[in-house]
2 protein chains.
Amino acid sequence: MGRPKSFEPDVVIAQAMETFWTKGYAGTSPADLAEATGVAKGSLYHSFGSKRELFAMALDLYGRTGSEVTEEFLSRPGTAKERIRAYFVLLVDMDLDGPARRGCLAQNTVEEFGGRDEEATRAVHRIEERMIGLFAARIEQGQRDGDVDRDVDARAQALFLQAILAGLRVMAKTFDRPVLYQIIDTALAGP
Amino acid sequence: MGRPKSFEPDVVIAQAMETFWTKGYAGTSPADLAEATGVAKGSLYHSFGSKRELFAMALDLYGRTGSEVTEEFLSRPGTAKERIRAYFVLLVDMDLDGPARRGCLAQNTVEEFGGRDEEATRAVHRIEERMIGLFAARIEQGQRDGDVDRDVDARAQALFLQAILAGLRVMAKTFDRPVLYQIIDTALAGP
DNA sequence: CTAATTCTTGAACTTAAGGTCTAAAATCAG
DNA sequence: CTGATTTTAGACCTTAAGTTCAAGAATTAG
């Protein structure tokens, strides 16, 4: 019993995620969160404990959403290389077409927190590992489909792709589309 | 005339750079800077104007120092690929062996400031372009030396290397040495 | 309807960030 | 020395970040 919540926690977390993503962790004040969510500061603290905890939930949501999108996108018809290229292009486009050049929340987090926050670092690491797993799985799928060489080391290749992806998203903050596309081409030129 | 400065501005900028690098821009308070440099807050403001201006000088110093080190290191004896590999290994080792996993100041800056700061973004872009220029120059040198194929597009290859480097430095915050070395191997496996 | 319980919210509180200012200290030209 | 000039350093100020709180508003069990 008790008074029912006047908001959907998941929705608020999603809105908080957007705000943190756009303005950074330090750059987002409780007042910003209240405004972005339409929930008063006091209620936010009542429901989520602290800015830090809300952020953890937002980052977690980010990771889950991201890997769902990735998985779905990679599994569409095409060869492994085609799908991965399309995915990279998608991300570059999303980074550039948004009004903010906000990049990847997970990367931003680990950059902003440095090694100084154990929990944040772990959370980001989990997100990255999941991405690598998805890449590796798609490559192995390609091997079964016959569009990827049998003797490719899927894990090594997936790590490489993750590095490229991370690099692209850093560079998407300061370079423009043709450059980023060219990097994608070079990175995927090999086998 | 007038009372002479009791500190060397360049030294203070270097100390400020270290502090910003370790703690991030937002994470560094004027009090931190005073402690790190041994110069009182008031004097810092008197000499450098604002935290933001001091940071700009620190970032500039970082860029110049970095490109000097890079240039020197790439020009040591060896093929282009050998030198670039050695350079990547050097950076990974520096990232991991420091006590802080602070990564690259330029990247941290652009991540922390997002697209929200025009000047910081420009400064980082200049630093990145300089790095790319050095990579391209080393590749062209390799072509003259005969250890790099004539038909390699030096600029495209340099952009690719910069992306890998950026990716490595992001991943150096959450992954350990063998993984990073493996990425270097994969990235440099081609021609 | 009442009580127990849970939410809501703006006010209030505490701490510190970022910056300004002033009185004293140091230097040098004359 | 004197005066002009520049630095120094800590006190001081203002604003806001992050959080807590008290008082009231919903809701349901009984």
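In the text below, chain A, chain B and the rest are named by the order of the sequence lines, each starting its count at 1.
Listed by first then second residue, pairs satisfying salt bridge (charged side-chain N to carboxylate O under 4.0 Å, His left out) with a partner in residues 27-54 of chain B read K23(B)-D32(B), R52(B)-D117(B), not counting sequence neighbours.
F48(A) and F55(A) have their aromatic ring centers separated by at least 6.0 angstrom.
The nearest whole Å value for the distance from the CZ atom in R3(A) to the C1' atom in dT27(D) is 9 Å. Counting to the nearest Å, the C1' atom of dA25(D) and the NZ atom of K5(A) are 15 Å from each other. Nucleotide dA16(C) holds its P atom 12 Å from the CG atom of D32(B), rounded to whole Å. Atom P of nucleotide dA22(D) and atom NZ of K41(A) are separated by 17 Å, given to the nearest angstrom.
Hydrophobic clustering keeps V124(A) apart from L168(A) (ILVMFWY residues linked when any side-chain heavy atoms are closer than 4.5 Å, directly or through intermediates).
In the region residues 42-62 of chain A, proximity to DNA chain C at under 4.0 angstrom, judged on heavy atoms, holds for G42(A), S43(A), H46(A).
For dA16(C), neither phosphate oxygen OP1 nor OP2 lies less than 4.0 angstrom from any side-chain nitrogen or oxygen of S29(B). For dC7(C), the OP1/OP2 oxygens have no side-chain nitrogen or oxygen of S6(A) closer than 4.0 Å.
Residues D95(A) and R177(A) are not paired through a salt bridge, judged by the lack of any N-O separation under 4.0 Å between the basic side chain and the carboxylate. A salt bridge links R102(A) to E18(A): at least one charged side-chain nitrogen sits closer than 4.0 Å to a carboxylate oxygen.
Using a 4.0 Å heavy-atom criterion, one finds that P4(A) contacts the sugar-phosphate atoms exclusively.
Heavy-atom neighbours of E8(B) CD from other residues, nucleotides or ligands within 6.0 Å: at or below the threshold of 12.
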